[in-house]
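Counting starts at 1 for both ligands and their atoms, following the listed order.
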Amino acid sequence: MRKNIVAGNWKMNTTLQEGVALANEIKEALNGVETKCDVVIATPFTHLVSVVAAVEGTSIGVGAENCADKTEGAFTGEVSAKMVASTGAQYVILGHSERRAYYHETPEVLKEKVLLALENNLTPIFCVGEVLAEREAGEHFNVVAAQVKESLFNLTADEFSKIVIAYEPVWAIGTGKTATADQAQEIHAFIRQTIAEKYGNEVADNTSILYGGSCKPSNAGELFAKPDVDGGLIGGAALKADSFLGIITAF
Ligand code: 13P
């Protein structure tokens with residue numbers, strides 16, 4: 001059966017020292033707490049080695065927030081999936097709406113990134129989600145289905161079974177405006193159905209689909225209670241150990 005996961009996405013926040021301190025606080029906060037979900041923290045590249053070391057011996061997973069679409073070579077400033085894996089990280093967030101919008105990541109580029117992540121045994125947390133105008137036009141189902149199909153449906157069923165999906169409506173990210181639990185359930189079920197049509201019910205039932213967008217301790221319980229919401233990808237509320245813990249324990 002699929003896993004529940006709460007993953008923090010630190011985005012471009014914290015210095016190395018602040019990040020290590022935050023990882024240590026999260027570790028302390030979780031000490032002795034029995035969680036009903038896997039916990040992951042995704043950090044800037046610069047923090048990975050130190051954060052992996054900080055959480056060593058715990059069940060906390062560590063991830064990068066991106067990786068390159070190329071294997072290696074003359075790509076100044078890029079960080080490959082192999083490099084990410086070599087830090088001890090186990091996850092990588094791919095296709096975040098901020099990467100799509102500000103760094104023009106296309107479905108084709110994301111397809112390459114997903115393949116390279118899988119080749120290097122990283123679990124991709126693949127983000128999809130519509131902008132406000134698309135939701136208002138009733139296009140959100142089409143948009144999200146296209147995002148899943150264009151970058152992931154080239155995978156074999158075996159490869160797809162290693163993917164975690166995060167549904168993050170762009171209008172809910174950092175805005176304080178959360179999708180209602182019913183809105184999240186409706187589209188998560190639709191994503192699962194889309195996966196089932198391609199890969200069958202077993203793969204679809206085993207795929208973790210996380211919700212992201214202004215998730216906080218006060219709304220996480222209601223969201224996570226929905227049958228197709230398997231956890232969250234958390235931005236702002238993952239930057240404080242107490243609010244992150246409040247979300248982790250909302251299951
Ligand atoms: P917020 O939780 O800050 O809205 O961010 C969500 C997000 O983008 C996580 O990837």
Locate the shortest heavy-atom distance separating [X] from [Y]; write the atom from each residue and the value.
X: Ala117; Y: Pro124; result: CB-CG, 4.0 Å
X: Asp230; Y: Thr207; result: OD2-O, 3.4 Å
X: Asp158; Y: Ser161; result: O-OG, 2.5 Å

Report yes if some N/O of [X] lies less than 3.5 Å from some N/O of ligand 1; otherwise report no.
X: Gly236; result: yes
X: Glu98; result: no
X: His96; result: yes
X: Gly213; result: no

Is [X] close enough to touch ligand 1? Criterion: a residue heavy atom under 4.0 Å from a ligand atom.
X: Ser97; answer: no
X: Lys11; answer: yes
X: Ala237; answer: no

Just heavy atoms, cut-off under 4.0 Å: does Leu233 contact ligand 1 by side chain, backbone, both, or neither?
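Both parts.
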
For ligand 1, does Cys127 get within less than 4.0 Å through its side chain, its backbone, both, or neither, judged by non-hydrogen atoms?
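Cys127 to ligand 1: no contact under 4.0 Å from either part.
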
What atoms in ligand 1 come closer than 4.0 Å to a heavy atom of Ala172?
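Answer, ordered by atom number: 4 (O).
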
Going by an N to O cut-off under 4.0 Å, is there a salt bridge joining Arg192 and Asp205?
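Salt bridge: no.
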
Pairs under 3.5 angstrom only: tabulate donor-acceptor contacts from the side chains of residues 59-78 to other protein residues two or more places apart or in another chain.
unit_1: Glu65; atom_1: OE2; unit_2: Lys11; atom_2: N; d: 3.1
unit_1: Asn66; atom_1: OD1; unit_2: Lys113; atom_2: NZ; d: 2.9

For Tyr199 and Phe153, I'd like to know if the aromatic rings sit close, meaning centre-to-centre distance below 6.0 Å.
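Aromatic pair counts; centres sit under 6.0 Å.
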
Considering non-hydrogen atoms of the protein only, which is the closest contact for atom 2 (O) of ligand 1, and what is the distance?
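Looking at atom 2 (O) of ligand 1, the protein heavy atom closest to it is Gly235 N, 2.9 Å.
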
Which residue and heavy atom of the protein sit nearest atom 9 (C) of ligand 1, plus the separation:
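Result for atom 9 (C) of ligand 1: Glu168 OE2, 2.8 Å.
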
May I ask you to check whether Tyr167 and Glu130 show a side-chain donor-acceptor distance below 3.5 Å?
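Distance-only check passes for Tyr167 and Glu130.
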
Going by atom types alone, do Glu28 and Asn31 pair a side-chain donor with an acceptor below 3.5 Å?
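No, no side-chain donor-acceptor contact under 3.5 Å.
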
